[in-house]
Peer 1: 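Structure below; questions to follow.
Sequence lines set the chain letters: A, B, ... in the order given, protein chains first and strands last, and positions in each chain run from 1. Owing to the predicted nature of the structure, the values given are computational and were not obtained by experimental measurement.
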Number of protein chains: 2
Amino acid sequence: MSPIETEDTRAKILNAARQVFVEKGLDGARMQEIADRAGVNKALLHYYYRNKENLYQEIIRSTFSQFFQTVTNIINSTHPVEEQIRFFIEQHINFIHQNRDFLKLLGYELLRGNETFFENFEQAIKKGFQFPERFIQVILKGMEEGTIREHNPMQTIISVISMNVFFFLAFPLFSKIFPGITENETTFLEERKKAVGDLLLYGILKPSQK
Amino acid sequence: MSPIETEDTRAKILNAARQVFVEKGLDGARMQEIADRAGVNKALLHYYYRNKENLYQEIIRSTFSQFFQTVTNIINSTHPVEEQIRFFIEQHINFIHQNRDFLKLLGYELLRGNETFFENFEQAIKKGFQFPERFIQVILKGMEEGTIREHNPMQTIISVISMNVFFFLAFPLFSKIFPGITENETTFLEERKKAVGDLLLYGILKPSQK
DNA sequence: GTCTATAGCGGGATAGAC
DNA sequence: GTCTATCCCGCTATAGAC
C-alpha cells in the first residue's frame, strides 16, 4: 500500500476515536466501536496506536496543541483596551462553539483529575505562551490610564473564562431553564457575547467612562 | 439482624458508592471497589441495589434532591436588591465548596449528555421550585426602581452560575495558571466572592448608584 | 442479611495468515 | 498493512450455602 493510504488509515482511526472518546469518555469508549466507525479492523488500532490509553492521549495531544495555537493567535492581536476585551470574548466564544470536542475532552480531563494533563497545561502556558500575561497587561494598562477601576486582574480573567466555557458545558441544562435559548442559535450567541462584554466592561470600567 | 444494622449497611454502601462514582464516574467505577470501601461483600450491592446503574441513580437522586432543597432555602430569603445578590453568591459558593461531590456528579451527567437527567432537572425546576423566577424578580425590581440598567436578566443568571460553578470545576487548571490561589484557601474564597459580587453589581447597577 | 463460588460475557490485546 | 481467530482477564451479576 502507498504511504498516502497509510496516512488515510491513521487519520480515519483518529477521527473515529475522537468522536467516540468525546461521546463516551475514556472508560466508556469501546475499541470495537472506534474500529467500526473508522471502517477498519479492531486489530489495526493496536497496530497503529499500541493500546487504548495511547490512542486517547494522541487525541488529547492534538486537540490541546490546536487550542494553544488558536489562543496564541487571539492573544497576539492588539487593540485599545475596550475593543481588546470584546475581541477576546468574541474569539473565545467562537472557538468553543466551533470546537465542542475540545470542550468535552477538557471536561473529562478535569473530572478525571489527571495530574499529568494539568502539568502539560502548565508547561504549555509557561513556554512561550503569553496567556494570561497579555490579558493582565491589558487590564493593568487600563488601570494606569485610569479607565479601569482598581481590582485584581486574575479575578476578571477567571470570570471571563468561566462565563464563556461553562455556558457551553451546561448548555443542555440552561436550555431547559431558559427554553428560548435554542430557538435562534446564532442570534443568541451574539446576544451572549454582548452580554458578557457589557457585564465585564460596565463591571470593571470606572463610572466616568460609560 | 436488626433493621438498624440493615440501614447501616445500606448507608455504608451508599457512602462508598458516592466516593467511587465521584472519583471514577459511572463507567470507571468498579463494584468490587465500592464493596471494599464499604467493608461488605460485592454480592450485597446487588442484594440492596439490584445493579450498578441503579446504585448510581440512587446517588444522583439523593445528591440532587439535596441540592434543590438547599437552593430553595437560599432563594426564599429576601433582602434588598444589592444584598440579595451578594447573599446568593455567598451561599452558592459556600454550597459548591462544601459539596464537591455534587459538582463532579453534575459534570459527569453533563458530559454523558444524559437526557433523563436533564428532564428530571427541568421537572424539579417547574414543580414548586421558584428558581430562576425569584432571581429574575429581584433583577426586574431593580430595573423598575431604576437602580439596575436595562438588560436581559437571563444573561446575568447564566453569568453568575457560570462564574461560581466553573471556578471550582476548573480549579486544578486555574491553580496552575495562578499558583497564588492555593496558598490561603479561605482568604481566597472570600476574595472570590467579593470579586464576583463587585463585577456583577458594578456591571448591572446604573452608574449613578455607585 | 451476608457470605462463597461461579457463571457468563464483554472487551483489550496478540498471534499469525495473507 | 490489513485481516481472522483467539486468548484471557476483569467485571457484572446470580445461585445457593449458612
Side-chain angles (χ1 to χ4, degrees), chain A residues 1-62 105 108-109 111-112 114 116-117, chain B residues 1-62 105 108-109 111-112 114 116-117:
Chain A
M1 296 289 173
S2 72
I4 291 165
E5 295 227 37
T6 295
E7 277 313 300
D8 263 17
T9 303
R10 290 188 74 92
K12 272 193 295 186
I13 293 174
L14 275 185
N15 289 335
R18 163 168 281 113
Q19 281 179 29
V20 177
F21 283 132
V22 163
E23 288 173 25
K24 312 277 176 73
L26 173 59
D27 292 322
R30 296 289 160 252
M31 295 296 267
Q32 186 61 61
E33 188 173 359
I34 294 173
D36 290 347
R37 292 210 206 177
V40 301
N41 191 278
K42 199 172 54 155
L44 267 192
L45 309 194
H46 292 92
Y47 175 76
Y48 282 113
Y49 297 99
R50 203 169 71 254
N51 59 34
K52 188 184 179 184
E53 174 73 26
N54 195 52
L55 178 53
Y56 179 73
Q57 290 307 331
E58 206 63 48
I59 303 294
I60 295 288
R61 249 191 298 279
S62 68
L105 293 172
Y108 285 120
E109 290 301 299
L111 290 177
R112 280 221 297 166
N114 183 0
T116 310
F117 171 77
Chain B
M1 299 289 174
S2 73
I4 290 165
E5 295 226 38
T6 295
E7 277 313 301
D8 263 15
T9 303
R10 290 188 75 93
K12 273 194 293 184
I13 292 174
L14 276 186
N15 289 335
R18 165 170 279 112
Q19 283 179 29
V20 177
F21 283 133
V22 163
E23 288 173 24
K24 313 276 176 75
L26 174 58
D27 293 321
R30 296 291 159 247
M31 296 296 266
Q32 185 62 60
E33 188 172 0
I34 294 173
D36 290 346
R37 292 210 204 178
V40 301
N41 191 278
K42 201 173 51 159
L44 268 191
L45 309 193
H46 291 92
Y47 174 77
Y48 282 113
Y49 296 100
R50 205 170 70 255
N51 59 35
K52 187 184 178 182
E53 174 73 26
N54 195 51
L55 178 52
Y56 178 75
Q57 290 306 332
E58 206 62 48
I59 303 294
I60 294 288
R61 248 192 300 279
S62 69
L105 292 172
Y108 285 120
E109 290 301 299
L111 290 177
R112 280 222 297 168
N114 183 359
T116 309
F117 172 78

Peer 1: Could I get the full list of side-chain hydrogen bond (donor to acceptor under 3.5 Å, both in side chains) partners for B/D36, not counting sequence neighbours?
Peer 2: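 side-chain hydrogen bond (donor to acceptor under 3.5 Å, both in side chains) list for B/D36, sorted by chain: B/Q32.
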Peer 1: My understanding is that only residues two or more places apart in sequence, or in another chain, count here; which of them pass side-chain hydrogen bond (donor to acceptor under 3.5 Å, both in side chains) with A/K24?
Peer 2: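 Residues passing side-chain hydrogen bond (donor to acceptor under 3.5 Å, both in side chains) with A/K24: A/E33.
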Peer 1: Would you please name every residue forming a side-chain hydrogen bond (donor to acceptor under 3.5 Å, both in side chains) with A/S62, sequence neighbours left out?
Peer 2: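 Applying side-chain hydrogen bond (donor to acceptor under 3.5 Å, both in side chains) to A/S62 gives A/R18.
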Peer 1: Polar atoms only, N or O, under 3.5 Å: list the protein pairs with nucleotides 8-15 of chain C and their distances.
Peer 2:
{"residue": "C/dG11", "atom": "OP1", "partner": "A/R30", "partner atom": "NE", "Å": "2.7"}
{"residue": "C/dG12", "atom": "OP1", "partner": "A/A29", "partner atom": "O", "Å": "3.4"}
{"residue": "C/dG12", "atom": "OP1", "partner": "A/R30", "partner atom": "NH1", "Å": "3.4"}
{"residue": "C/dG12", "atom": "OP1", "partner": "A/K52", "partner atom": "NZ", "Å": "3.4"}
{"residue": "C/dG12", "atom": "OP2", "partner": "A/M31", "partner atom": "N", "Å": "3.0"}
{"residue": "C/dG12", "atom": "N7", "partner": "A/K42", "partner atom": "NZ", "Å": "3.1"}
{"residue": "C/dA13", "atom": "OP2", "partner": "A/H46", "partner atom": "NE2", "Å": "3.2"}
{"residue": "C/dA13", "atom": "OP2", "partner": "A/K52", "partner atom": "N", "Å": "2.9"}
{"residue": "C/dA13", "atom": "N6", "partner": "A/K42", "partner atom": "NZ", "Å": "3.4"}

Peer 1: D/dA13 C1' sits how many Å from B/Y48 OH, rounded?
Peer 2: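 In whole Å, D/dA13 C1' lies 18 Å from B/Y48 OH.
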Peer 1: Quick one: which residue pairs count as a ring-ring contact (aromatic ring centres under 6.0 Å, His included) with a foot in residues 10-40 of chain B, not counting sequence neighbours?
Peer 2: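 Of all non-adjacent pairs touching residues 10-40 of chain B, those that pass ring-ring contact (aromatic ring centres under 6.0 Å, His included) are B/F21-B/Y56.
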Peer 1: Using side-chain hydrogen bond (donor to acceptor under 3.5 Å, both in side chains) as the criterion, list what pairs up with A/N114, not counting sequence neighbours.
Peer 2: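 Result, side-chain hydrogen bond (donor to acceptor under 3.5 Å, both in side chains) vs A/N114: A/E109.
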Peer 1: For the pair made of CG in B/L44 and C1' in D/dA15, what is the distance, rounded to whole Å?
Peer 2: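 Rounding to the nearest Å, CG of B/L44 and C1' of D/dA15 are 15 Å apart.
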Peer 1: Quick check on D/dT2: is either OP1 or OP2 less than 4.0 Å from any side-chain nitrogen or oxygen of A/T9?
Peer 2: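 Looking at the OP1 and OP2 atoms of D/dT2, one of them is under 4.0 Å from a side-chain N or O of A/T9.
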